[in-house]
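Below is one structure, written out as structure tokens; the observations come after it.
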2 protein chains.
Amino acid sequence: MKDARPCSIADTLALVGEKYSLLVLREVSLGATRFDQLVRNIGAPRDVLTARLKRLVDAGVLKKVEYSDRPKRYEYRPTEAGLELVPVLWTLMAWGDRHLHADGDRPMVIEHICGHELVPQVVCAECGNEVQHGDLSAHPQAPGWTVTGPAAA
Amino acid sequence: MKDARPCSIADTLALVGEKYSLLVLREVSLGATRFDQLVRNIGAPRDVLTARLKRLVDAGVLKKVEYSDRPKRYEYRPTEAGLELVPVLWTLMAWGDRHLHADGDRPMVIEHICGHELVPQVVCAECGNEVQHGDLSAHPQAPGWTVTGPAAA
DNA sequence: TGAGCGAGTTCGTTCTTCGAACTCACTGAG
DNA sequence: CTCAGTGAGTTCGAAGAACGAACTCGCTCA
């Protein structure tokens, strides 16, 4: 990572891309907000989880909310910024369902309020069309980039 | 990760969630497909990159394409499955631009074919509405899940 | 009085990562 | 022909992170 390109993808992954971080977000977004629930549901070592939670709180992705005075107890809830990251999880889930559980035995199904099973799709907010790889062009704003142009499959 | 919940998010992250893997996908999707380009642009140690590339090829996210016989040289290109993962990158980038570069000095801008700057949005493929956290409900299909229901901010 | 719980902390071992140096198969210049 | 250079890795020792079991601390309830 020494002399890497400046990049918001890399910056975001530096925050939430460590092992377990996105699984923490999955859990808190589903309502499992307490330390021992997270340990159980994610299967992470307690000390690692402690470190991840601290990082996510410091970054403003999670916030600690006191749910008991005496003894002081806190639960972890997603912030607005954290919730904005949740769609990434559904997109990853859909990819995993498609490519890693092609047999159809998906571990979980998400239902959208419209009544259908959620199939997340990434669209351009401006024109509403699905984002296709070939429809994009990169415009570096910072030094360090020499883009060859999107590659074909 | 011992006794974790069965989950396509976790499964997907086990494949592409290791350090550098998604940055490899960023590079190859932008056309930097060769080993030394990846080393330079990502800043990863060469041996780690070797391991990541092998994993991504084995998983069917990348494929090796020979571009020179004598000496044998291969480049790494995204497969169809790999390209399906790319929208995740733009979503992460947008989050980073919004929350980590709030001052506006974004390292890169992506332009959509519609002429506007790309602002990716995750929608329900069925009804076309933006996916809001509160509009979803989880339906576990496998044992190991006890969902409390979506949490509020 | 004493078991139990939630939320961590501690600690020794094991697994990864790091980065510099090295290898191997060539190519192209002198 | 020789020799510097290049691309794509491999090797290796040191440093750092993850693992998991055990322990602590504050408190509650029987």
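Only a predicted model underlies this, so the values are computations on that prediction, with no experimental measurement involved. Letters A, B, ... are given to chains in the order of the sequence lines, protein chains preceding strands, and every chain is numbered from 1.
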> B:Glu75 has an atom CD; how far is it from atom C1' of D:dG7, in whole Å?
Replying inline: 13 Å
> Between C:dT16 atom C1' and B:Arg55 atom CZ, what is the distance in whole Å?
Replying inline: 14 Å
> Once you round it to whole Å, what is the distance between P of D:dG7 and CG of B:Leu38?
Replying inline: 13 Å
> Rounded to whole angstrom units, what separation is found between the CD1 atom of A:Ile42 and the C1' atom of D:dC19?
Replying inline: 16 Å
> When clusters are formed by joining ILVMFWY residues with side-chain heavy atoms under 4.5 Å apart, either directly or through shared neighbours, do A:Val119 and B:Leu136 land in the same one?
Replying inline: no
> Separation of A:Gln37 atom CD from C:dG6 atom P, in whole Å?
Replying inline: 9 Å
>> Using a 4.0 Å cut-off on heavy atoms, which residues in residues 7-21 of chain A reach DNA chain C? List them by number, or say none.
In response: none
>> The criterion is salt bridge (charged side-chain N to carboxylate O under 4.0 Å, His left out); which residues satisfy it with B:Arg40, sequence neighbours excluded?
In response: none
> Which pairs count as ring-ring contact (aromatic ring centres under 6.0 Å, His included) when at least one residue sits in residues 52-89 of chain B, sequence neighbours excluded?
Replying inline: none
>> If I take atom NZ in residue B:Lys64 and atom P in nucleotide D:dG7, what distance separates them, rounded to the nearest angstrom?
In response: 17 Å
>> Can you build the contact string for nucleotides 22-29 of chain C? Use B for base contact, S for sugar-phosphate-only contact, and - for no protein heavy atom under 4.0 Å.
In response: ----SS--
>> Does D:dA8 have its OP1 or OP2 closer than 4.0 Å to a side-chain nitrogen or oxygen of B:Arg40?
In response: no
> Pairs in or reaching into residues 102-115 of chain B: which pass salt bridge (charged side-chain N to carboxylate O under 4.0 Å, His left out), with residues at least two apart or in two chains?
Replying inline: B:Arg106-B:Glu117
>> In this structure, would B:Val86 and A:Leu13 fall into the same cluster of hydrophobic residues linked by side-chain contacts under 4.5 Å?
In response: yes
>> By nearest heavy atom, map B:Thr50 and A:Pro45 onto DNA chain D; which one lands nearer the 5' end?
In response: B:Thr50
> Under the 4.5 Å side-chain heavy-atom rule for ILVMFWY, direct or indirect, which residues accompany B:Val65?
Replying inline: none
>> Applying salt bridge (charged side-chain N to carboxylate O under 4.0 Å, His left out), can you list everything that pairs with B:Arg73, at least two apart in sequence or on another chain?
In response: none
>> I need the full list of ring-ring contact (aromatic ring centres under 6.0 Å, His included) pairs touching residues 93-129 of chain B, with sequence neighbours left out, sorted by first then second residue.
In response: B:Trp95-B:His99
> Between A:Met1 (CE) and D:dG16 (P), how many Å, whole number?
Replying inline: 18 Å
> Excluding sequence neighbours, so at least two apart, what forms salt bridge (charged side-chain N to carboxylate O under 4.0 Å, His left out) with B:Glu75?
Replying inline: B:Arg34, B:Arg77
> To the nearest angstrom, how far is A:Leu49 atom CG from C:dT9 atom P?
Replying inline: 11 Å
>> Checking contacts here: which listed nucleotide (C:dG6, C:dC11, C:dG19) is nearest the side-chain heavy atoms of A:Asp47?
In response: C:dC11
